[in-house]
Amino acid sequence: HTAALLHFCIGDFWITVPSRPRDIPGVRWIHTTRRRWDDSKVEKSLRSLKDKKKKLEEGGPVYSPTLDAEPVRRTLRQWVVDEIKHYYHGFRLLWIDTTIAGRMLWRVLNGHPLSRRERRQFLRTCADVFRLLPFLVFIIVPFMEFLLPVALKLFPNMLPSTFETQSKKEERLKKELRVKLEMAKFLQDTIEEIALRNKAAKGDVTEEFSTFFQKIRDSGERPSNEQIIKFSKLFEDELTLDNLTRPQLVALCRLLELQSIGTNNFLRFQLIMKLRAIRADDKLIAEEGVESLNVNEVQAACRVRGMRSLGVTEERLREQLGQWLELHLNQQIPTSLLLLSRAMYLPDTLSPADQLKTTLQTLPEMVTKEAQLMAAELELSKVDNKTKLETMLQEEAAIRQDNKDREMERLADAAEKAAREGEPELQAERMKRSEAEPASSKAEKAADSETLKDTAPIIEGLKAEEITKEEIDLLSDACSKLKEQKKLLTLEKEELEELKDDVQEYNEDLEEIKKELSKTGQEKAIEESKASQRLSKRVNRMIGRIDKIILELEKDKRAAPAGNLVSIDELINVMRQIQNIPEHKLQSIAEALDDNKDGKIDIDDVIKVVELIDKEDIDISTSQVADIMVMLQKEEKLMGKEKAKEKAEKEQAATLKS
């Protein structure tokens with residue numbers, strides 16, 4: 001295929017850059033799934049209700065903002081003006097939502113990946129459209145399903161995998177399975193965004209949030225510890241990192257002993273992977289107990305979390321690690337906020353609440369606006385359309401800047417690559433010139449070069465091998481080919497089971513919320529939204545169809561090998577067939593993926609790693625790939641334990657009822 005070319009002008013020079021390959025098989029450009037550790041808004045709302053109930057039962061303080069005893073009465077003129085503004089901002093918001101959603105859908109159809117920020121924006125705009133116009137569920141979703149075969153023909157780049165199969169029917173079914181699965185997961189995420197509607201909603205929470213930030217930023221008045229903990233929970237890791245300034249990102253990287261040189265996108269990716277690893281470690285430590293760790297292990301754990309690990313007593317080490325676990329796991333304070341407070345090197349004499357308060361003061365305005373919206377949504381409070389509109393436009397500006405930075409990075413990479421490729425020609429030209437020079441001139445230059453010769457030994461092996469974006473795409477291609485050869489559908493079946501679990505948990509959370517509200521007499525004021533009910537029915541139908549497609553694909557299989565494990569040699573051979581890559585590079589990539597060094601790798605695990613890296617559009621070292629593999633293994637282990645625990649609790653509850 002002829003590669004698409006992008007042309008850029010730098011000064012007086014034009015550079016031609018190959019655009020990101022869209023026809024490389026196996027790259028899942030349409031992938032938009034949120035990461036597995038995220039709780040849905042329904043779960044967070046349920047947790048908030050339970051926390052309030054618990055504090056009331058214990059007799060503790062439940063903060064409510066100071067509001068006027070009687071609302072200010074508006075004149076007829078004020079009422080008319082307010083209503084006009086409300087509908088003006090509402091229609092404008094709907095238009096901008098529709099425009100953004102259409103543009104991002106076009107990107108997905110044409111095979112472009114969505115970044116974390118773009119995915120969050122896409123989800124929000126779709127949720128807003130369905131919330132404002134619930135009847136669209138009857139039009140858009142069936143229309144998308146009906147036109148799916150047409151879309152796959154019109155937009156072949158949407159799924160660039162070229163399945164090596166003799167059966168056209170099998171190829172069509174696999175493409176349909178992939179798209180339907182992604183669509184169902186995205187719609188389920190949308191359902192959880194718009195699940196509940198509060199008929200008696202007021203703007204109390206947004207006013208409370210504004211009052212809180214006014215206290216810590218302007219008036220200097222100290223909020224209560226309860227307020228600080230409550231609002232700190234809203235600043236989720238990805239939301240915070242996406243909006244931090246470069247000096248803050250660099251400070252966090254240095255604190256965690258990560259590479260601090262690179263683009264903002266690369267620094268964020270490093271930090272997100274590190275935070276996920278810390279979260280998995282926190283859960284394992286909490287399960288085993290801080291007391292089970294020896295002194296060296298406690299020191300290492302404190303150091304990884306940016307806390308003092310040298311020159312302090314063992315008792316103090318265990319105390320600060322225990323405090324970290326309490327704040328992170330029990331109080332649900334995001335890891336990014338805890339690390340930012342350590343990066344500021346605040347005095348140890350400050351209480352955790354005061355450290356968090358000081359950290360919140362340094363956050364950019366964009367983060368606080370996003371957190372304010374989230375606070376209102378979790379508490380089912382009212383948010384005016386103007387605030388939503390301002391936040392949406394600010395996020396759009398940030399997305400445009402991110403895309404601009406990424407394009408400049410690609411341009412710089414292409415220029416560097418072109419310079420490297422031009423070096424041999426330049427050396428050949430120099431050789432020709434040197435041969436044409438007189439002998440006396442050569443002798444003088446030889447003497448000069450002897451004087452300036454660097455005799456220091458070259459140290460090899462200190463730097464890990466770098467894997468480029470193109471090689472990540474080739475790795476994804478190789479995994480797709482291996483899956484086709486072995487006729488594996490394990491990853492799709494695993495994702496379908498996760499989707500079914502999400503749907504089941506969502507329904508259980510809704511039931512629990514209804515029970516909690518019935519105890520306070522609010523069950524009539526808060527109900528499941530119409531759009532959510534309609535989308536839920538559609539998602540359940542889609543799950544049924546996906547099940548049928550998987551059964552049909554498995555029906556035609558003949559003695560497919562069991563398991564997803566392949567040898568390193570198999571992976572290297574497939575990659576070698578796709579493109580000519582140096583042998584040592586192939587070996588280093590394969591070894592980085594072999595976490596337990598047994599010569600075998602799990603194809604599905606490799607695909608998960610590729611998805612994580614590919615969405616970020618970055619180059620990465622083999623050592624970082626190995627770290628991501630270890631982190632994913634830990635998460636898998638923890639998820640398995642949590643599911644087993646939940647299952648045991650449900651069985652126990654069912655036994656007690658019977």
Side-chain angles (χ1 to χ4, degrees), residues 24-28 31 33 35-37 161 163-164 174 177-178 181-182 185 273 276-277 280-281 284 464-465 467 471-499 501 550 553-554 557 559-578 581 585-616 620-644:
I24 295 177
V27 183
R28 294 171 57 201
H31 182 76
T33 308
R35 67 189 179 96
R36 66 187 66 200
W37 290 107
S161 299
F163 297 102
E164 290 185 349
K174 285 187 175 181
L177 169 64
R178 185 73 262 160
L181 192 52
E182 293 297 338
K185 288 191 290 184
M273 292 300 103
R276 286 178 64 168
D281 277 337
L284 290 171
E465 191 84 49
I467 306 175
E471 286 162 351
I472 288 293
D473 291 341
L474 291 170
L475 179 60
S476 175
D477 187 11
C479 290
S480 294
K481 287 183 182 295
L482 284 170
K483 282 192 72 173
E484 287 306 313
Q485 290 171 12
K486 293 181 175 288
K487 297 188 177 295
L488 295 174
L489 287 171
T490 48
L491 187 61
E492 286 78 6
K493 289 164 78 173
E494 181 187 333
E495 289 181 11
L496 180 60
E497 286 305 312
E498 285 179 5
L499 176 60
D501 288 344
I550 289 177
L553 284 168
E554 289 187 326
K557 287 186 179 181
N564 306 326
L565 294 179
V566 297
S567 68
I568 284 180
D569 292 336
E570 284 181 272
L571 180 65
I572 290 175
N573 287 334
V574 172
M575 289 186 73
R576 195 185 287 125
Q577 291 168 15
I578 298 169
I581 298 177
K585 191 73 171 284
L586 288 173
Q587 197 67 34
S588 62
I589 292 172
E591 286 175 359
L593 297 167
D594 184 14
D595 56 319
N596 55 6
K597 307 303 175 190
D598 64 348
K600 300 280 186 181
I601 55 175
D602 189 308
I603 300 177
D604 290 343
D605 285 348
V606 177
I607 290 174
K608 289 172 187 175
V609 172
V610 169
E611 284 173 3
L612 278 173
I613 301 168
D614 192 62
K615 283 191 293 182
E616 303 302 324
I620 192 169
S621 70
T622 51
S623 61
Q624 288 170 320
V625 169
D627 290 342
I628 293 172
M629 285 290 288
V630 172
M631 180 265 293
L632 287 175
Q633 293 288 344
K634 284 184 181 178
E635 286 187 349
E636 291 285 352
K637 182 180 175 183
L638 286 166
M639 287 291 287
K641 285 184 177 180
E642 287 180 8
K643 282 184 179 179

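Values in this document were obtained by computation on a predicted structure and should not be read as measured data.
Rounding to the nearest 0.5 angstrom, the gap separating the CD atom in Q587 from the CG atom in L571 is 10.0 Å. Within the model, atoms NZ of K641 and CD of E636 stand 13.5 Å from one another, a figure rounded to the nearest 0.5 Å. Taken from CE in M631 to CD in E635, the straight-line distance is 5.0 Å, to the nearest 0.5 Å. Within the model, atoms CG of N573 and CD1 of I568 stand 12.0 Å from one another, a figure rounded to the nearest 0.5 Å.
For E591 (side chain) and S588 (main-chain N/O), no donor-acceptor pair under 3.5 Å exists by modelled atom type.
Considering only residues two or more places apart in sequence or on other chains, K637 meets the salt bridge (charged side-chain N to carboxylate O under 4.0 Å, His left out) condition with none of them. In this structure, D627 has no side-chain contact (heavy atoms from CB on, under 4.5 Å) partners at least two apart in sequence or on a different chain. Under the rule for a salt bridge (charged side-chain N to carboxylate O under 4.0 Å, His left out), K600 has no partner lying at least two apart in sequence or in another chain.
Residues V609 and D605 fail the side-chain proximity criterion, which asks for heavy atoms closer than 4.5 Å. Here the side chains of K608 and M629 are not in contact, with every heavy-atom distance at 4.5 Å or above. Contact of the L553 side chain with the E492 side chain is not registered, since no non-hydrogen atoms from C-beta on lie closer than 4.5 Å. Here the side chains of R276 and L612 are in contact, with some heavy-atom distance below 4.5 Å. The shortest distance between side-chain heavy atoms of L475 and L593 falls below 4.5 Å. Residues Q624 and I467 have side chains not in contact (no heavy-atom distance under 4.5 Å, counting atoms from C-beta outward). Taking the side chain as every heavy atom from C-beta outward, I572 and I589 never approach each other to under 4.5 Å.
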Could you please spell out the steps behind the salt bridge (Lys or Arg N to Asp or Glu O under 4.0 Å) verdict for E498 and K643?
CA-CA 11 Å; E498 285 179 5; K643 282 184 179 179; 5.3 Å; no
In sequence, state the C-alpha distance, the side-chain angles, and the governing distance for E182 and R178, and then conclude on salt bridge (Lys or Arg N to Asp or Glu O under 4.0 Å).
CA-CA 6 Å; E182 293 297 338; R178 185 73 262 160; 2.8 Å; yes
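Here the options are V625, L632, V630, the test is side chain to side chain contact (heavy atoms under 4.5 Å, CB included), and the partner is I628; only L632 passes.
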